[in-house]
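Each remark here refers to the structure printed beneath this line.
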There are 2 protein chains.
Amino acid sequence: MGDLSAVDVPADFEREFPGASRSATLVAANLVRTATDLLAAIERPPREAVGLSVSAFQVLVVLDGAGEPLTGQAIAEELLVTSASMTSLLDTLQRRGLVERRPHPTDRRKILIHLTEQAQRTVDLQLPAVHGSITQAMADLTEAEREQFLDSLTKMRAGLTRLAAQPTPTFKARRKRRARPGPTTA
Amino acid sequence: MGDLSAVDVPADFEREFPGASRSATLVAANLVRTATDLLAAIERPPREAVGLSVSAFQVLVVLDGAGEPLTGQAIAEELLVTSASMTSLLDTLQRRGLVERRPHPTDRRKILIHLTEQAQRTVDLQLPAVHGSITQAMADLTEAEREQFLDSLTKMRAGLTRLAAQPTPTFKARRKRRARPGPTTA
DNA sequence: TATTGTTATACTCTATAACTATA
DNA sequence: TATAGTTATAGAGTATAACAATA
C-alpha cells in the first residue's frame with residue numbers, strides 16, 4: 001500500500017543520471033506520493049461510500065461548486081473529457097438519480113445538468129467530512145509552514161510552465177547502475 | 001486544463017464548513033493540483049511516447065527499479081491491483097514485446113516477469129528525460145526550501161496516519177453558502 | 001489447505017467517427 | 001458553417017468468482 005512511508009532515492013542517483021538532481025527527485029517523488037495518499041485517505045472514502053468513480057464524483061463536485069446548473073460541455077471542459085465521454089458519465093449519474101437533464105431555456109441545442117435533491121444532500125453530507133479530514137491531516141503544520149509550502153508549490157508551477165514553453169531538451173544518457181542489495185525474488 | 005494556475009478557496013470557506021481550516025484546504029488542494037500537473041508534464045509525455053497506460057508503464061518502472069525479474073504477484077502488490085488485473089496487464093505488455101513470462105526455477109506455481117531488451121532500452125532512454133525535467137521544474141527551490149518542503153510532507157503523512165488510526169470523526173454540518181458572483185451559465 | 005496464476009464475465013471510462021438538431 | 005449532444009463501436013483497466021496446478 002502507499003503505506004504512508006517516504007519515498008527514498010538511491011545515494012548514487014546522480015551518478016546514474018548525470019545532470020539530474022537527487023533532491024529535486026526526492027521532492028517530486030514525495031510530492032506525488034503524498035498527494036496520492038491524501039486523496040486515498042480523504043476523497044476516496046466518501047466517493048466510494050456514494051459508489052461513484054472519480055470522474056462521476058467530480059461531476060457532482062463541479063456542479064455543487066458552480067452553485068447553478070451547467071451545460072454538458074462546460075462540465076466536459078472542466079473534467080478534460082470529450083463530449084461523448086460526458087454523455088456516458090451523465091447517463092451513469094442520471095441512472096442513479098443524481099442528475100437531471102433539462103432543456104436550456106433559450107438555446108435548444110444545449111441541455112442543463114441539475115443536481116437532484118438526493119445528490120445535493122449527498123454532497124452536503126460528504127463535503128464536511130472531506131474538509132474536516134483535511135484540517136486534521138494538516139494539523140501539524142504551522143501557518144508559517146503552510147505559507148512556505150504554498151510558496152514552494154508556486155515555484156514548482158513556474159518551473160513547469162518554463163518547461164512546457166521550451167523545446168524538449170536533451171539529457172545525458174543513463175549510466176549503468178551499481179548492483180544493489182535488493183530483496184531476493186519472492 | 002490544469003493550466004498551472006493556483007487553486008483558490010473562497011474567503012467565507014470557514015463559515016460554510018464550520019471547524020474546517022481554509023489554509024489547510026488551500027495546502028491540500030494545491031498539493032494535489034501541483035502533483036497532477038507535475039505528472040502531466042513529466043511522466044505523461046514519455047509514457048505516451050511509448051504508448052502505454054499508467055499501470056502498464058508502472059510495471060516497467062517497477063521491474064527496472066527492482067533490477068531483477070519479479071513474480072506477477074510481487075508486481076501486483078506494488079501496483080495495488082488484483083492478480084486477475086495483473087494477468088491482463090501482463091498480456092498487454094507481452095503482446096507488445098515488452099515483457100516475457102518465464103517459469104520460476106524452483107516454485108512451479110510462479111512465473112518470473114522479465115523486461116525484454118527493447119523494454120530496457122526504452123526505459124533507459126525515457127528515464128533521463130523524466131529526471132532531467134524534474135530537475136528543471138524544481139530549479140527555483142533552494143536546497144533549504146527542498147528540505148523544508150520534505151519536512152512538511154512528512155508532517156502531512158503523520159497527520160494522515162493519525163487520521164487512519166482513529167474512528168471516523170463527526171463533523172459539523174455545512175452551512176448554506178452565500179451567493180457568489182459566479183459566471184453565468186454558458 | 002493455501003498460494004499463484006488464468007479464464008470467464010461484466011462494468012466503467014475513454015476515445016474516434018458519424019450523425020441529428022439547432023444556431 | 002459551427003456548435004451541442006447522442007449513438008455506435010472499440011479498447012483498456014478493473015473487479016469478482018470459479019478454476020487448475022502446485023506447494
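Everything numeric in this text was worked out from a predicted model, so none of it was measured. The basis for the numbers below is simple: all heavy atoms, side chains too, and nothing from hydrogens, waters or symmetry mates. Numbers restart at 1 for each chain; the letters A, B, ... are given by sequence-line order, proteins then strands.
Looking at A/Asp91 and A/Arg101, a side-chain N of the basic residue comes within less than 4.0 Å of a carboxylate O on the acidic one, giving a salt bridge. Classification of A/Lys176 and B/Asp124 as a salt-bridged pair fails, no side-chain N sitting under 4.0 Å from a carboxylate O. B/Asp12 and B/Arg22 are not joined by a salt bridge, as no carboxylate oxygen comes within less than 4.0 angstrom of a charged side-chain nitrogen.
In this model, the phosphate group of D/dA12 is approached by a side-chain N or O of B/Arg96 to a distance below 4.0 Å at OP1 or OP2. Taking only side-chain nitrogens and oxygens, B/Ser55 comes nearer than 4.0 Å to OP1 or OP2 of D/dT14. Applying the 4.0 Å criterion to OP1 and OP2 of C/dT6, one finds that B/Thr87 has a side-chain N or O inside that range. For B/Arg108, no side-chain nitrogen or oxygen approaches OP1 or OP2 of C/dG5 to under 4.0 Å. Put simply, B/Ser85 has no side-chain N or O that comes within less than 4.0 Å of OP1 or OP2 on D/dG13. For A/Thr82, no side-chain nitrogen or oxygen approaches OP1 or OP2 of C/dT16 to under 4.0 Å.
One can place CG of B/Leu90 at 14 Å from C1' of D/dA12, the figure rounded to the nearest angstrom. Atom C1' of nucleotide D/dA12 and atom CD of B/Glu48 are separated by 14 Å, given to the nearest angstrom. Rounded to a whole Å, the CG atom of B/Leu80 is 14 Å from the C1' atom of D/dG13. The NE2-C1' distance, from B/His104 to D/dA23, rounds to 12 Å in whole Å.
Between A/Val81 and A/Arg95, the residue anchored nearer the 5' end of DNA chain C, judged by the nucleotide with its closest heavy atom, is A/Arg95.
If you check every strand for non-hydrogen atoms under 4.0 Å, B/Ser83 touches a base.
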Report all interatomic pairs (protein N or O, nucleotide N or O of nucleotides 1-4 of chain D) with separations under 3.5 Å.
{"from": "D/dT3", "atom 1": "O4'", "to": "A/Arg109", "atom 2": "NH1", "distance (Å)": "3.3"}
{"from": "D/dT3", "atom 1": "O2", "to": "A/Arg109", "atom 2": "NH1", "distance (Å)": "3.2"}
{"from": "D/dA4", "atom 1": "OP1", "to": "A/Gln73", "atom 2": "OE1", "distance (Å)": "2.8"}
{"from": "D/dA4", "atom 1": "OP2", "to": "A/Gln73", "atom 2": "OE1", "distance (Å)": "3.3"}
{"from": "D/dA4", "atom 1": "OP2", "to": "A/Gln73", "atom 2": "NE2", "distance (Å)": "2.7"}

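Under a hydrophobic clustering in which Ile, Leu, Val, Met, Phe, Trp and Tyr are joined whenever their side-chain heavy atoms come within less than 4.5 Å, directly or via other members, A/Val7 and B/Leu150 fall into different clusters.
Shown here for A/Phe57 and A/Val50, the closest heavy-atom pair between the two residues is CE1-CG2, 4.4 Å.
Legend: residues meeting side chain to side chain donor-acceptor pair (under 3.5 Å) with A/Thr135, ordered by chain and number and at least two apart, are absent.
Heavy-atom contacts from other residues, nucleotides or ligands closer than 6.0 Å to CD of B/Glu117 number 12 or fewer.
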